[in-house]
Amino acid sequence: MKIRTRFAPSPTGKLHVGNLRTCLINYLFSKKLGGEFILRIDDTDLQRSKKEFEEAIISDMKWLGFQWNEIYWQSKNTEKYEKVKNLLIEKNRLYECYETQEELEIKRKLQLSSGKPPIYDRAALKLTQEQKENYKSQGRKPHYRFKIEGSKIAWKDMIKGDISFDVENISDPILIREDGTMTYMICSTVDDIDMEISHVIRGEDHVSNTAVQIQIFEALGASHPSFGHLSLVKAKDDKISKRIGGFEIESLREER
Ligand code: GLU
């Protein structure tokens, strides 16, 4: 099997020790096995992605001596995601929803206050064509959710061993926003298939995304890569993030 790993930063901030660790492990894993390492810029969130962050990430990676076999930008792949959207609709795995943020928030609060987990109730699956048209005529635009199926999603994690999720505990995720833009969940899966990624190694904050993505891989008729979820680098009590300063590679570089 061809070993291909990827590091997929979102250019919404600078490279910090947390994501650098993920990058390094992917890099070393592929190098050790004579494989390839790919850099993918996850820039579909147009509001938060910035060119200056992308340039800073690339410059830090070069400074650290990383070399990649290929580089991709998700923002250049929109046509491909559009095709996948249509395919999933045809397969009845993607459905239109018209709830507003406020309506969803009310549902969530009601569920929580009656002791239920805040799982999407799939009300949109029951909408008639007429009701949908009605919403459209009010100026509402649909967002789209992926329909999770089956009863369990399980995989052997490279790091954590056997992981399994009961499907009833997972909300059907939103893959396409009201403004037509695609979420990380779908773009990442489509790219991992296209880029022929063999191993996805990332932080354990992605474990539940993996469960969903395994179903998207299957719905698209693709076998999924091996997954490994790393524990997160923590700063005292909190996850390392852009909010906690001082861990950026750039600041380490400046200190030298
Ligand atoms: N852009 C995602 C992130 O930075 C990538 C996660 C993944 O590796 O799939 O969290």
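First listed ligand is number 1; within each ligand, the first listed atom is number 1.
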### Query
Does NZ belonging to K141 count more than 12 external heavy atoms closer than 6.0 Å?
no
### Query
Yes or no on side-chain contact (heavy atoms from CB on, under 4.5 Å) for D162 and D157, after CA distance, side-chain angles and deciding distance?
CA-CA 6 Å; D162 289 321; D157 197 88; over 6 Å; no
Between ligand 1 and the protein, which N/O pairs are shorter than 3.5 Å?
{"residue": "ligand 1", "atom": "1 (N)", "partner": "A8", "partner atom": "O", "Å": "2.8"}
{"residue": "ligand 1", "atom": "1 (N)", "partner": "S10", "partner atom": "OG", "Å": "2.9"}
{"residue": "ligand 1", "atom": "1 (N)", "partner": "D42", "partner atom": "OD2", "Å": "2.7"}
{"residue": "ligand 1", "atom": "8 (O)", "partner": "R6", "partner atom": "NH1", "Å": "2.6"}
{"residue": "ligand 1", "atom": "9 (O)", "partner": "R6", "partner atom": "NH1", "Å": "3.3"}
{"residue": "ligand 1", "atom": "9 (O)", "partner": "R6", "partner atom": "NH2", "Å": "2.9"}
{"residue": "ligand 1", "atom": "9 (O)", "partner": "Y184", "partner atom": "OH", "Å": "2.6"}
{"residue": "ligand 1", "atom": "9 (O)", "partner": "R202", "partner atom": "NH1", "Å": "2.8"}
{"residue": "ligand 1", "atom": "10 (O)", "partner": "H206", "partner atom": "NE2", "Å": "3.0"}

### Task
Look up atom CD1 in I58 and atom CD1 in I41, then write down how far apart they are to the nearest 0.5 Å.
4.5 Å
### Stacked cation flag K31 on Y27, 6.0 angstrom / 45 deg
yes
### Task
State whether the side chain of R145 and the backbone N or O of Y95 hold a donor-acceptor pair below 3.5 Å, judged by distance alone.
no
### Message
For the backbone of S188 and the side chain of D191, can you confirm whether one donor and one acceptor N or O come within less than 3.5 Å of each other?
### Response
no
